[in-house]
Amino acid sequence: MDAYQSIISRRSIRSFSKDVPSKELVMKVVEAGRRAPSGMNTQLWHFTVVLSREKIREIGRFVLDSDSSICYEAPVFIMVSSKKDNPYAEEDTSCALTNMMQAAHALGLGSVWINAINKRDEKASSMTAFSVPSGYRVYGCLALGYAEGSVKERDLKPLSETVSFIE
Ligand SMILES: Cc1cc2nc3c(=O)[nH]c(=O)nc-3n(C[C@H](O)[C@H](O)[C@H](O)COP(=O)(O)O)c2cc1C
């Protein structure tokens with residue numbers, strides 16, 4: 001699969017098999033996040049990679065105040081945070097998350113962006129107990145694992161509604 005085909009065919013995955021990707025494979029995904037563009041190349045981000053199902057459950061309880069899964073029972077949960085005073089925090093972390101989703105797909109894994117830790121919520125800035133650095137806020141998260149089952153056809157808006165050409 002070439003890079004373009006990989007980008008075009010990526011989908012959000014919300015059902016994961018019990019198989020756990022190796023730490024080496026997970027690190028390849030994280031590496032893709034680290035290599036994303038950032039405003040003025042400041043790289044003011046941090047990737048908290050949670051590989052323990054018990055810890056994922058703890059984070060879920062802290063954020064959701066409930067026992068429901070924060071990440072569709074995926075075996076890996078990655079929180080992407082950035083310095084609170086980074087003016088490009090949202091853009092930088094979005095680039096990192098997109099790179100990771102694309103890399104995951106290219107490596108045969110499935111992923112979906114998880115917005116449960118709302119950046120406007122105080123909890124997004126109070127996650128030091130979960131290895132988010134002090135002074136950092138969580139902007140977005142990723143559920144990661146092996147996809148299970150199929151994904152329904154993509155609902156894509158028509159080209160004419162979303163693209164204009166000036167020639
Ligand atoms: C900023 C952002 C937040 C998202 N938050 C969630 C989320 O909390 N839960 C979820 O299941 N999907 C979430 N998604 C995934 C979108 O629902 C998904 O990308 C969209 O439906 C298109 O589907 P596709 O990724 O399969 O093409 C989010 C995507 C983005 C870009």
Side-chain angles (χ1 to χ4, degrees), residues 1-18 21 26 29-30 32-39 44-50 53 55-84 86-127 130 132 136-163:
M1 187 160 57
D2 67 19
Y4 184 73
Q5 257 322 308
S6 184
I7 290 167
I8 292 293
S9 61
R10 179 216 56 83
R11 298 299 311 279
S12 292
I13 299 301
R14 298 184 177 88
S15 182
F16 295 92
S17 89
K18 295 256 175 286
V26 173
V29 173
V30 175
R34 256 169 32 90
R35 285 166 190 264
S38 63
L44 291 172
W45 47 38
H46 187 84
F47 301 85
T48 305
V49 185
V50 191
R53 284 197 186 271
K55 273 288 164 200
I56 296 173
R57 265 192 291 277
E58 259 184 57
I59 292 168
R61 275 194 291 271
F62 173 72
V63 173
L64 307 172
D65 292 318
S66 90
D67 273 332
S68 50
S69 174
I70 192 168
C71 58
Y72 303 102
E73 311 281 359
V76 181
F77 184 62
I78 303 176
M79 297 185 281
V80 184
S81 56
S82 184
K83 259 193 123 167
K84 285 184 213 168
N86 173 14
Y88 304 116
E90 291 187 42
E91 293 88 342
D92 293 351
T93 50
S94 295
C95 287
L97 277 153
T98 304
N99 260 25
M100 289 198 293
M101 289 189 285
Q102 292 297 350
H105 179 53
L107 292 165
L109 294 170
S111 71
V112 61
W113 184 310
I114 300 289
N115 221 23
I117 306 179
N118 188 318
K119 57 182 180 281
R120 288 176 204 91
D121 190 323
E122 192 45 43
K123 281 179 185 166
S125 310
S126 355
M127 303 214 48
F130 300 106
V132 174
Y136 278 56
R137 171 181 294 142
V138 175
Y139 284 87
C141 303
L142 201 68
L144 182 68
Y146 288 101
E148 190 167 68
S150 56
V151 182
K152 77 173 174 59
E153 190 75 9
R154 189 199 294 267
D155 178 20
L156 205 56
K157 284 188 179 178
L159 189 72
S160 59
E161 270 184 34
T162 49
V163 182

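Order of listing sets the numbers, starting from 1, for every ligand and every atom in it.
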Q.
Could you report the tightest heavy-atom contact between Arg154 and Arg10, atom names first, then the distance?
A.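 Distance-wise, the nearest heavy atoms are NH2-O, 2.9 Å.
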
Q. Would you find more than 12 non-hydrogen atoms of other residues, nucleotides or ligands less than 6.0 Å from Arg120 atom CZ?
A.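 No, the 6.0 Å shell around CZ holds no more than 12 heavy atoms from other groups.
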
(Q) Surrounding CZ of Arg61 (heavy atoms of other residues, nucleotides or ligands, distance under 6.0 Å), is the total greater than 12? (A)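 Correct, the count exceeds 12.
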
Q: Can you spot which of Thr48, Leu142, Ile59, Leu144 makes a side chain to side chain contact (heavy atoms under 4.5 Å, CB included) with Phe77?
A: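 Per the side chain to side chain contact (heavy atoms under 4.5 Å, CB included) rule, the option paired with Phe77 is Ile59, out of Thr48, Leu142, Ile59, Leu144.
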
Q: Verify salt bridge (Lys or Arg N to Asp or Glu O under 4.0 Å) between Lys123 and Asp65, making sure each step is shown before the conclusion.
A: CA-CA 11 Å; Lys123 281 179 185 166; Asp65 292 318; 3.3 Å; yes

Q) Which of parallel (below 30°), tilted (30 to 60°) and perpendicular (above 60°) describes Phe130 and Phe62? A)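 Answer is tilted, since the angle falls between 30° and 60°.
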
**Q.** ligand 1: protein residues within heavy-atom distance under 4.0 Å
**A.**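 These residues qualify: Arg10, Arg11, Ser12, Arg14, Tyr72, Val112, Trp113, Ile114, Asn115, Arg154.
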
